[in-house]
Every structure is written in C-alpha cells, then in structure tokens.
Amino acid sequence: MSAPREHWGSRLGFIMAAAGSAVGLGNIWKFPYMTGENGGGAFLIIYLGCIAVFGLSLVLAELLIGRSAQRNPVAAFRHVAGRGWPAVGAMGIVTAFVILSFYVVVAGWTIAYMLFSVNGSLSNPDADALNAVFDHLTAGTWEPIAYAALFTALTAGVVIGGVGQGIERASKILMPLLFLILIALVVRALTLPGAAAGLEFFLIPDFSKVTGATFTAAIGQAFFSLSLGMGAMLTYGSYMPRERNLPTDALAVVSLDTLIAVLAGLMVIPAMFAAGMTPGEGGAGTTFKVLPAVFDAMPGGMWFALGFFLLLAVAALTSSVSLLETVVCYFVDEHAVSRRKATAYSAVAVFALSLPAALSFGLMADTKLFGMTFFALMDYLSSSITLPLGGLLTALCVGWVMGPRAIDALSNQGRIHAPWAPVWLFILRFVAPLGIGWILLQGLFS
Ligand code: PHE
C-alpha cells in the first residue's frame with residue numbers, strides 16, 4: 001500500500017496554488033500580444049466568452065475527476081471512466097513536456113531581465129535600443145540556454161519539496177504581491193501620453209477583424225491560461241480533501257486568472273500605443289520590449305522593473321511547477337519511482353527539449369517544421385491542438401461517462417446546494433464538445 005495522499009493544508013492554500021498554476025506567463029507574456037495580434041477588443045470578448053462557457057465548466061470537471069479519483073491523470077481517467085480513457089491522461093503528460101520546452105525559455109528571459117533592470121541595460125528611453133536588448137538576448141546561444149536551465153532547476157527544486165511545503169507556501173505569499181505591483185504598473189501605463197488609443201483598441205471591439213483564426217487563438221489562450229486540458233488542474237484536484245466546496249473554489253481560480261490577464265492587457269497594450277508600436281508588431285517579445293518604457297517613466301523605475309520581473313519569474317515558477325508536478329505525480333503513482341528520481345529525470349528531459357526552443361530566435365531561427373520554428377511549433381501544438389482536444393475529451397468523459405454521478409460528486413452527495421448543476425452537465429455534454437470540436441476543426445482546415 002502506498003502512503004496516504006498528501007493534501008492541501010487549507011482552502012486558501014489550494015486556491016493560491018491552483019491560481020498560481022493558472023496565473024503565469026500565459027497571462028502576462030502571452031495574453032497581451034495574442035490580443036494585439038488578433039484584433040484587440042473583439043479578441044478580448046471572444047476570449048472572455050471561451051472562459052465563461054468552456055473554461056469554468058472544464059476547470060470544475062477536471063478538479064472533480066482529480067478529487068474523485070485522488071490519483072494522477074492517467075489513473076484518474078481509468079478510475080472514473082474505465083478502459084481507453086487513460087489515453088487522455090497520457091496525452092496530458094506528453095503535453096506537459098511540450099509546454100515546458102518553451103515555457104522555461106520565456107521564464108529564463110524574465111530572469112535575464114531581472115539582471116538587466118539593475119545593470120542599466122533597460123534605463124534607455126529609446127525604443128530601438130530596448131528592442132535590441134531583447135533581440136540580443138534571445139538570439140544568443142549560451143545565455144538563453146543557461147537561463148532556461150536555471151529555471152528548470154528551480155522548478156525541479158520546488159517539485160522535490162512536495163505539495164504542501166514547496167508549492168503551497170510559495171504561492172500564498174507571492175501571488176498577492178504580484179497583484180499589487182501589477183496594479184501600480186497599470187495605473188502608470190494608462191496615464192502615459194498616447195495610452196488612450198491603446199485602451200480603445202483593447203476595450204472597443206471591432207468585429208470586422210474576426211476570422212476563424214481568432215476563435216482558435218482565443219480558445220487556445222483560454223485553455224493555456226487556465227492550465228486546462230492536460231491534467232494540471234486534475235492533479236491539483238487530486239490533492240483536495242473530499243469535503244471541499246469545488247464550485248466556489250473553481251470560480252475563485254477562474255476569476256483570479258481572468259482578472260490578471262485583463263490587468264496585464266491594460267498594462268501592456270496602452271504602453272504599446274504610447275511607445276508608438278503597432279499591435280501585433282512585437283510578437284513574443286512584446287511584454288519585454290514595451291514595459292521598460294513604463295518603468296522608465298516611474299520614480300524609482302529600476303525597483304519597479306526588478307520587482308516586476310522577479311514576480312513574473314515567480315508566477316512562471318508556480319505554473320511550471322504545476323506542469324512538472326503533473327508529470328512527476330504520474331511517475332511516482334504509476335511506476336513506483338521516488339519523487340526525487342522522477343523529478344530529476346523529468347527535469348533532464350525538459351532541459352533537452354528546451355534546447356531547440358531556446359535557440360529558435362538565434363541559431364535555429366531558420367530551422368522550420370511546418371513553417372514554424374521549434375518554439376512556435378511547440379506553442380502551436382499545445383495551445384491549438386492538444387489542450388483543446390484534452391478539454392473536449394474531458395467534457396465527454398464527465399458529461400457522458402460520469403453523467404449524473406458527476407452531479408452527485410460535485411454537490412458532495414447533495415450537501416452543497418447546486419441548482420445549476422444540470423446546466424453544467426448540459427454544457428459538458430453538448431455545448432463544449434460541439435463548440436470546441438468546431439473550433440478545432442476549422443483551425444486545422446483553414
Ligand atoms: N496557465 C499557465 C500560464 O498561464 C501555463 C500552464 C499551462 C500551466 C498548462 C499548467 C498547465 O502561464
């Protein structure tokens with residue numbers, strides 16, 4: 001018999017850890033530039049729609065599978081649904097590696113930017129010079145690799161510490177701090193000269209810019225940001241004691257994640273306009289290129305820069321930890337390896353995969369598969385394909401295989417009043433499979 005499963009220390013601890021998984025580079029690095037590239041306000045509305053309709057129901061579904069089974073994703077699907085379904089969990093484990101391969105690279109950039117904020121590289125108001133700082137860093141060879149390796153090692157360090165000690169404690173202190181610094185930066189960005197046009201672009205939808213690709217981008221971003229579709233939420237749910245109120249916790253996590261993404265948009269997009277950049281121009285470098293100008297316009301800007309990149313690195317860490325934890329939890333549960341060993345081997349695999357991603361802006365910038373660099377391909381594979389597909393299958397599993405059993409488990413056998421539960425089940429049975437299925441198909445064949 002294995003030892004009793006470790007559980008979250010408190011309700012707040014769980015919410016902070018799950019929100020820590022959700023809130024990360026997806027919100028602050030990816031969301032603003034995706035919004036810029038996909039037309040601004042219209043993308044925002046479609047994104048919020050995806051969160052409300054698919055995101056919330058599926059966070060609940062994943063947490064429910066995890067809590068019911070108290071097991072890793074592969075075993076959990078087997079436990080609640082039987083034969084064939086563990087494949088969904090397995091796809092999630094593979095996806096975790098795919099995401100980590102580029103995630104640790106971007107997180108590595110944030111560490112480099114912590115140094116840049118103190119060594120003076122960023123205290124230059126000239127936009128071209130700031131772009132050059134980013135391009136120089138990312139086009140390098142050893143630097144991006146070393147920073148990605150450092151970040152991978154940090155992630156492994158937290159995961160070895162285990163759930164309560166490592167993940168929960170760190171999230172509880174650092175998440176609120178990130179929130180405060182974000183608010184300060186939003187206020188500064190919005191009051192920069194020229195910011196109003198950015199605000200308008202972000203908030204006023206122009207639906208003439210919407211295409212099928214906008215939907216693919218929005219749903220992929222929603223899943224990525226909520227850590228959905230690959231078993232991370234499921235794994236965190238598996239550390240939940242059975243009597244907890246799932247719906248309120250799920251709502252808290254989804255709201256926090258969405259709030260932080262919108263705040264990041266309010267910070268980056270107006271600053272982009274103030275700096276004279278056209279939306280979509282900055283690509284994966286947007287946040288890094290635009291923010292130094294905001295810091296520069298603040299008293300004590302260097303400290304804001306240092307604080308911001310430090311907290312962004314930490315937010316990325318609480319997310320990468322949940323990615324690695326999903327993998328490690330699987331190996332520990334299913335293959336009886338020690339947590340230490342499972343973490344070490346997985347971290348080495350992540351490091352190997354991160355090499356081509358780290359070089360995708362330099363040495364390997366012209367090495368393309370399906371017209372994409374390795375970095376872009378890993379991003380595309382996860383956000384546009386495996387995460388939505390995992391979500392679709394999770395919806396089918398809970399909606400059809402668990403069915404009424406799911407409502408029973410959700411309401412803690414009727415002890416929680418959840419009159420809306422049939423609506424939730426209806427979404428999982430029909431709305432999510434058809435909606436996500438349509439978006440996936442039109443994305444693949446457009
Ligand atoms: N949600 C995280 C972010 O926004 C990324 C992530 C995706 C984490 C999938 C876990 C699982 O940065």
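Each ligand, and each atom within it, is numbered from 1 in the order the structure gives.
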Short N or O contacts of ligand 1 with protein, under 3.5 Å, listed by atom name?
unit_1   : atom_1 : unit_2 : atom_2 : d
ligand 1 : 1 (N)  : Ser21  : O      : 3.2
ligand 1 : 1 (N)  : Ala22  : O      : 3.0
ligand 1 : 1 (N)  : Phe224 : O      : 2.8
ligand 1 : 1 (N)  : Ser225 : O      : 3.1
ligand 1 : 1 (N)  : Ser227 : OG     : 3.0
ligand 1 : 4 (O)  : Ala22  : O      : 2.9
ligand 1 : 4 (O)  : Gly26  : N      : 3.2
ligand 1 : 4 (O)  : Asn27  : OD1    : 3.4
ligand 1 : 12 (O) : Leu25  : N      : 3.1
ligand 1 : 12 (O) : Gly26  : N      : 2.8
ligand 1 : 12 (O) : Tyr103 : OH     : 2.5

With sequence neighbours excluded, residues passing ring-ring contact (aromatic ring centres under 6.0 Å, His included) with Phe134 |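 In terms of ring-ring contact (aromatic ring centres under 6.0 Å, His included), with neighbours along the sequence ignored, Phe134 is linked to Trp109, Phe288.
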
Any donor-acceptor pair under 3.5 Å linking the side chain of Ser238 with the backbone of Gly66?
-> no

Thr326 side chain to Pro73 backbone, donor-acceptor under 3.5 Å =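 Judged by distance alone, no pair lies under 3.5 Å.
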
Kindly list each side-chain donor-acceptor pair under 3.5 angstrom involving residues 36-53, sequence neighbours excluded, with atom names and distances?
unit_1 : atom_1 : unit_2 : atom_2 : d
Asn38  : ND2    : Met34  : O      : 2.9

In Å, rounded to the nearest 0.5 Å, how long is the span from CD of Gln221 to OG1 of Thr216?
-> 13.0 Å

With sequence neighbours left out, what residues match Gln70 under side chain to side chain donor-acceptor pair (under 3.5 Å)?
-> His7

